[in-house]
Amino acid sequence: PESPPPPYSRLSPNDEQKPLDLSDSTLSYTETEATNSPNVTPGDFSDASTSPDAVKRSHWCNVAYWEHRTRVGRLYTVYEQSVSIFYDLPQGNGFCLGQLNLDNRSETVRRTRSKIGYGILLSKEPDGVWAYNRSEHPIFVNSPTLDIPNCRTLIVRKVMPGYSIKVFDYEKSCLLQHTADLDYTDGPYDPNSVRISFAKGWGPCYSRQFITSCPCWLEILLSNNR
C-alpha cells in the first residue's frame, strides 16, 4: 500500500499504545485520540512565516498566543504542513513564545510559561489537524469537532506529555451545524478555531470555567474551512 508522506506513518489498530522505537526518526500516530510522542528535535522545523518562498503559498492557519484575556504578540501565520510552537530553546525554530514580551506579567503566568518547554507540534494532515504534546506537562484542548453535537457541555480533552490528538476533523466539521448562542463561550470564538491551554485545564471539571482564565493558551485560527 502507498505509505503516508514523511514524517508520518500510521500504526496498525492493534498497536495503538505501542511504544515508539526511538531509533526511528518518523512520527507515528493512529486515528485514535492519543498516541506516542514523536521523536523530533525543535531544529527540524523552520520559521515558515519568514521564508522568501512562504509568501507564494497560501497559509492554512494563524496562531494567536494569549495570557488570560490579553493577546500577546502578533498572529503567527503558518504555511508549512507542520509547525513547532515552543517556549525558549536555543535550537528551536518556529513560533517561539518566550520572545513575546508583556509588561507586568503575573507570577501565575510566569510559572505556567516556564512549563511550556518544547510545547507542541501542530500538523495539518489529510484527515485533519493534529497536535503533539512535546512538553513535560499536560495540554488541554477544545475544538468544535471534539465537542458532542447538540451538547451544551464544553468538552475539554486532556493530553498527557508524549501523546497526540486530532484537534480538528475536516469531515466532521463539514457535518456540524454551528450555533451562535453558545452559553459556555467567553472571549474570542471562531467555529473553525482550536483552543489549546498549557498545563492548566478549563471547563465544567475545573475551577477555571473559561479559557480566558488560563494563564497561557493558543488560539489556532484555521483558514481551510472559511
Side-chain angles (χ1 to χ4, degrees), residues 4-9 20 22 24-29 34-55 57-67 71-101 112-141 143 157-168 193-200 214-224:
Y8 303 99
S9 62
L20 182 66
L22 296 182
D24 187 353
S25 61
T26 61
L27 304 182
S28 298
Y29 65 91
T35 62
N36 289 304
S37 174
N39 177 31
V40 180
T41 60
D44 291 339
F45 307 99
S46 61
D47 187 343
S49 66
T50 59
S51 169
D53 296 331
V55 294
R57 300 189 300 272
S58 61
H59 68 282
W60 63 272
C61 79
N62 286 304
V63 181
Y65 169 65
W66 295 78
E67 292 176 2
R71 200 186 88 187
V72 183
R74 61 183 174 86
L75 281 177
Y76 185 90
T77 303
V78 180
Y79 298 91
E80 301 292 344
Q81 291 298 105
S82 61
V83 61
S84 185
I85 305 172
F86 55 95
Y87 179 60
D88 189 12
L89 303 171
Q91 72 274 34
N93 292 312
F95 191 10
C96 180
L97 304 180
Q99 294 180 343
L100 303 179
N101 297 319
T112 304
R113 279 170 61 86
S114 69
K115 296 178 180 179
I116 295 174
Y118 283 89
I120 66 171
L121 173 67
L122 197 67
S123 176
K124 180 184 179 184
E125 299 294 331
D127 59 348
V129 178
W130 287 75
Y132 300 80
N133 185 2
R134 305 177 64 232
S135 73
E136 297 181 354
H137 299 272
I139 61 173
F140 298 83
V141 181
S143 84
R157 301 296 180 91
K158 181 179 183 179
V159 184
M160 299 301 293
Y163 286 81
S164 63
I165 184 173
K166 187 195 296 185
V167 296
F168 197 86
S193 71
V194 176
R195 293 174 167 192
I196 301 176
S197 174
F198 292 104
K200 303 294 184 181
C214 295
C216 304
W217 57 280
L218 301 172
E219 188 175 27
I220 316 299
L221 304 168
L222 302 173
S223 60
N224 55 290

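Throughout, numbering of the chain's residues begins at 1 and tracks the sequence. Bear in mind that the values here come from a model prediction, so they are computed numbers and not experimental data.
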Could you check if a side-chain atom of [X] sits within less than 4.5 angstrom of a side-chain atom of [Y], using non-hydrogen atoms only?
X      : Y      : value
Val72  : Tyr65  : yes
Ile220 : Val78  : no
Ile120 : Phe198 : yes
Lys124 : Cys61  : no

Check [X] against [Y] and note the closest heavy-atom contact, atom names and distance.
X      : Y      : answer
Val141 : Val159 : CG2-CG2, 4.3 Å
Pro215 : Lys200 : CD-CG, 3.6 Å
Ser135 : Lys115 : CB-O, 4.1 Å
Ile116 : Cys216 : CD1-CB, 4.4 Å

Distance from [X] atom [atom1] to [Y] atom [atom2], nearest 0.5 Å?
X      : Y      : atom1 : atom2 : answer
Ser82  : Tyr132 : OG    : OH    : 9.0 Å
Ser193 : Phe168 : OG    : CZ    : 8.5 Å
Tyr118 : Glu136 : OH    : CD    : 8.5 Å
Ile139 : Met160 : CD1   : CE    : 11.0 Å
Phe86  : Cys96  : CZ    : SG    : 4.5 Å
Ile85  : Leu122 : CD1   : CG    : 5.0 Å

Main-chain N/O of [Y] paired to [X] side chain as donor or acceptor, under 3.5 Å:
X      : Y      : result
Ser143 : Val167 : yes
Ser223 : His59  : yes
Asn62  : Leu75  : no

Audit row: Leu218, Leu97, side-chain contact (heavy atoms from CB on, under 4.5 Å) steps and yes/no: CA-CA 10 Å; Leu218 301 172; Leu97 304 180; 4.3 Å; yes

Derivation and outcome, side-chain contact (heavy atoms from CB on, under 4.5 Å), residues Val194 and Val129: CA-CA 10 Å; Val194 176; Val129 178; 5.9 Å; no

Is there a side-chain contact (heavy atoms from CB on, under 4.5 Å) between Leu222 and Trp60 once you walk through the steps? CA-CA 6 Å; Leu222 302 173; Trp60 63 272; 3.9 Å; yes

Using 4.0 Å as the upper bound for N to carboxylate O, is an ion pair formed by Arg113 and Glu67? yes

Please work out which of the three classes, parallel, tilted or perpendicular, describes the rings of Tyr76 and Phe95, given edges at 30° and 60°. parallel

